[in-house]
*Asks:* 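Starting off with a structure, shown below.
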Amino acid sequence: MDCPIFDTLDYLRLGNEKQQHAFLALKKLNIYEILHPYTPILCGTIPIGVDIDSSDLDIIMEVHEVETFKQIVTEHFGKMRNFSLKSLMIREVEVTKANFFFEGFEFELFGQPIPVKQQYAYLHMIIEHAILKLDPSVKKEILSLKKQGYKTEPAFCKVLGLKGDPYLSLIQYGKVKRFI
């Protein structure tokens, strides 16, 4: 299931204080325009309001030409504080990640050769968003677990009583509930 609210950054402009700050930082960097060919989508905890102080801005993209992507990212963001760029394998897929700090946020640019709306980060966000809409009281439990050191998907799985690999369990749960 698609969730068009996350296709643009408009929802951040009208969101909570941190979301509005994120909106301004993203606009100042012109990041969506620069990376437009890769269909960037902001994912993670800030868009759905279950972020903590250390939460970063995760931007996922569909990247097939890795060297071109690396050149663009380095050209535009290479001078940012603590910039790093690397390629690695995740679940047998080559992934390119760039990290840096700007306007008080850590940014993670995440590219892989999979359409953004089929990537785990997007699917997890859609599932988590649906859970929070159905039962807003879950938010307090998730935030409490995150402050204890849980990552987001394991926190949701603990609250939902899901076993096994939290990243796969959450996807399965989302399919069963028809959230995705």
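A quick note: this is a predicted structure, and the numbers were derived from the prediction, not measured.
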*Asks:* Measuring from atom CG of N30 to atom NE2 of H76, what distance do you get when rounded to the nearest 0.5 angstrom?
*Replies:* 9.0 Å
*Asks:* Hey, mind stepping through Y120 and L168 against side-chain contact (heavy atoms from CB on, under 4.5 Å) and telling me if it holds?
*Replies:* CA-CA 9 Å; Y120 274 26; L168 297 174; 3.0 Å; yes
*Asks:* If I take atom CD1 from residue I142 and atom OG1 from residue T45, how far apart are they, to the nearest 0.5 angstrom?
*Replies:*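 Between atom CD1 of I142 and atom OG1 of T45 there are 11.5 Å.
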*Asks:* How far apart are the closest heavy atoms of I60 and C43, and which atoms are they?
*Replies:*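 Shortest heavy-atom separation between I60 and C43 comes out as CD1-SG, 3.6 Å.
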*Asks:* Can you measure from CG (L26) to CD (E33) and round to the nearest 0.5 angstrom?
*Replies:*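 If we round to the nearest 0.5 Å, L26:CG and E33:CD are 9.5 Å apart.
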*Asks:* P37: which residues meet the side-chain contact (heavy atoms from CB on, under 4.5 Å) condition with it, sequence neighbours left out?
*Replies:*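 Partners of P37 by the side-chain contact (heavy atoms from CB on, under 4.5 Å) criterion come out as none, since no residue qualifies.
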*Asks:* Provide the closest heavy-atom pair for I127 versus I171 in the form atom of the first, atom of the second, distance.
*Replies:* CD1-CA, 3.9 Å
*Asks:* Ring centres under 6.0 Å, that's the criterion: do H124 and F156 meet it?
*Replies:*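 When the ring centroids of H124 and F156 are compared, they turn out to be at least 6.0 Å apart.
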*Asks:* Applying a strict under-4.5 Å side-chain criterion to I, L, V, M, F, W and Y, I'd like to know whether L143 and V138 cluster together.
*Replies:*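 Yes; tracing contacts between hydrophobic side chains, which count when under 4.5 Å, links both residues.
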*Asks:* Return yes when atom CD of Q148 has more than 12 non-hydrogen atoms of other residues, nucleotides or ligands closer than 6.0 Å, and no otherwise.
*Replies:*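 More than 12 within 6.0 Å, yes.
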*Asks:* Sequence neighbours excluded, which residues qualify as ring pair (Phe, Tyr, Trp, His ring centres under 6.0 Å) partners of F77?
*Replies:*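 Partners of F77 under the ring pair (Phe, Tyr, Trp, His ring centres under 6.0 Å) test: F100.
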*Asks:* May I ask you to test the K139-P136 pair for a side-chain heavy-atom distance under 4.5 Å?
*Replies:* no
*Asks:* Mind jotting down which residue pairs meet the salt bridge (Lys or Arg N to Asp or Glu O under 4.0 Å) criterion with at least one end in residues 76-99? Sequence neighbours excluded, please.
*Replies:* R91-D165, K97-E108
*Asks:* For H36, I'd like to know if atom NE2 has over 12 heavy atoms of other residues, nucleotides or ligands within 6.0 Å.
*Replies:* no
*Asks:* Same cluster for L29 and Y11 if Ile/Leu/Val/Met/Phe/Trp/Tyr side chains link at under 4.5 Å?
*Replies:* yes
*Asks:* For A155 and K146, which heavy atoms make the closest approach, and how far apart are they?
*Replies:*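 Answer, listing the atom of A155 first, then K146: CB-CG, 4.5 Å.
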*Asks:* To the nearest 0.5 angstrom, please state how far the CE atom of M125 sits from the CD1 atom of I46.
*Replies:*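 Reported to 0.5 Å precision, the distance equals 12.0 Å.
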*Asks:* Consider only side-chain heavy atoms of I, L, V, M, F, W and Y, link residues closer than 4.5 Å, and tell whether L134 and I5 are in one cluster.
*Replies:*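 They do share one cluster, since a chain of ILVMFWY contacts under 4.5 Å joins L134 to I5.
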*Asks:* Check salt bridge (Lys or Arg N to Asp or Glu O under 4.0 Å) between K28 and all other residues, then give those that pass, not counting sequence neighbours.
*Replies:*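 Scan of K28 (salt bridge (Lys or Arg N to Asp or Glu O under 4.0 Å), adjacent residues dropped) gives E103.
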*Asks:* K117 and L123: which non-hydrogen atoms are nearest, and at how many Å?
*Replies:* O-CD2, 3.5 Å
*Asks:* If we only count heavy atoms from C-beta on, is the Y150 to V159 side-chain gap below 4.5 Å?
*Replies:*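 Counting from C-beta outward, Y150 and V159 never come under 4.5 Å.
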*Asks:* Quick one: which residue pairs count as a salt bridge (Lys or Arg N to Asp or Glu O under 4.0 Å) with a foot in residues 41-61, not counting sequence neighbours?
*Replies:*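 Listed once each, the pairs are K18-D51.
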*Asks:* Out of curiosity, L170 CG to I131 CD1, how far, rounded to the nearest 0.5 Å?
*Replies:* 5.5 Å
*Asks:* Mind listing the closest non-hydrogen atom pair of L42 and Y32 along with its distance?
*Replies:* N-OH, 2.8 Å
*Asks:* How long is the gap from CG on N99 to CZ on F110, to the nearest 0.5 Å?
*Replies:* 10.5 Å
*Asks:* Indicate if I31 and F101 have the same hydrophobic cluster label, given that clusters are the connected sets of ILVMFWY residues with side-chain heavy-atom separations under 4.5 angstrom.
*Replies:* no
*Asks:* Going by atom type alone, with no hydrogens or angles, which donor-acceptor pairs under 3.5 Å involve a side-chain atom of residues 68-75 and a protein atom two or more places apart or on another chain?
*Replies:*
| residue | atom | partner | partner atom | Å |
| --- | --- | --- | --- | --- |
| K70 | NZ | S87 | OG | 3.2 |
| T74 | OG1 | K70 | O | 2.8 |

*Asks:* Are the side chains of I126 and F6 in contact, using a 4.5 Å heavy-atom criterion?
*Replies:*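 A side-chain contact under 4.5 Å exists here.
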*Asks:* Are K133 and F179 close enough, and set up right, to give a side-chain contact (heavy atoms from CB on, under 4.5 Å), and what steps lead you there?
*Replies:* CA-CA 11 Å; K133 280 179 71 174; F179 295 150; over 6 Å; no
*Asks:* So, for P40 and I59, which heavy atoms are closest and what is the spacing to 0.1 Å?
*Replies:* CB-CG2, 3.6 Å
*Asks:* For the backbone of M61 and the side chain of Q119, can you confirm whether one donor and one acceptor N or O come within less than 3.5 Å of each other?
*Replies:* yes
*Asks:* Between S169 and K163, is there a donor-acceptor pair closer than 3.5 Å when you use the side chain of the first and the backbone of the second?
*Replies:* yes
*Asks:* Would you say Y122 and I90 are hydrophobically clustered, going by side-chain heavy atoms of ILVMFWY under 4.5 Å?
*Replies:* yes
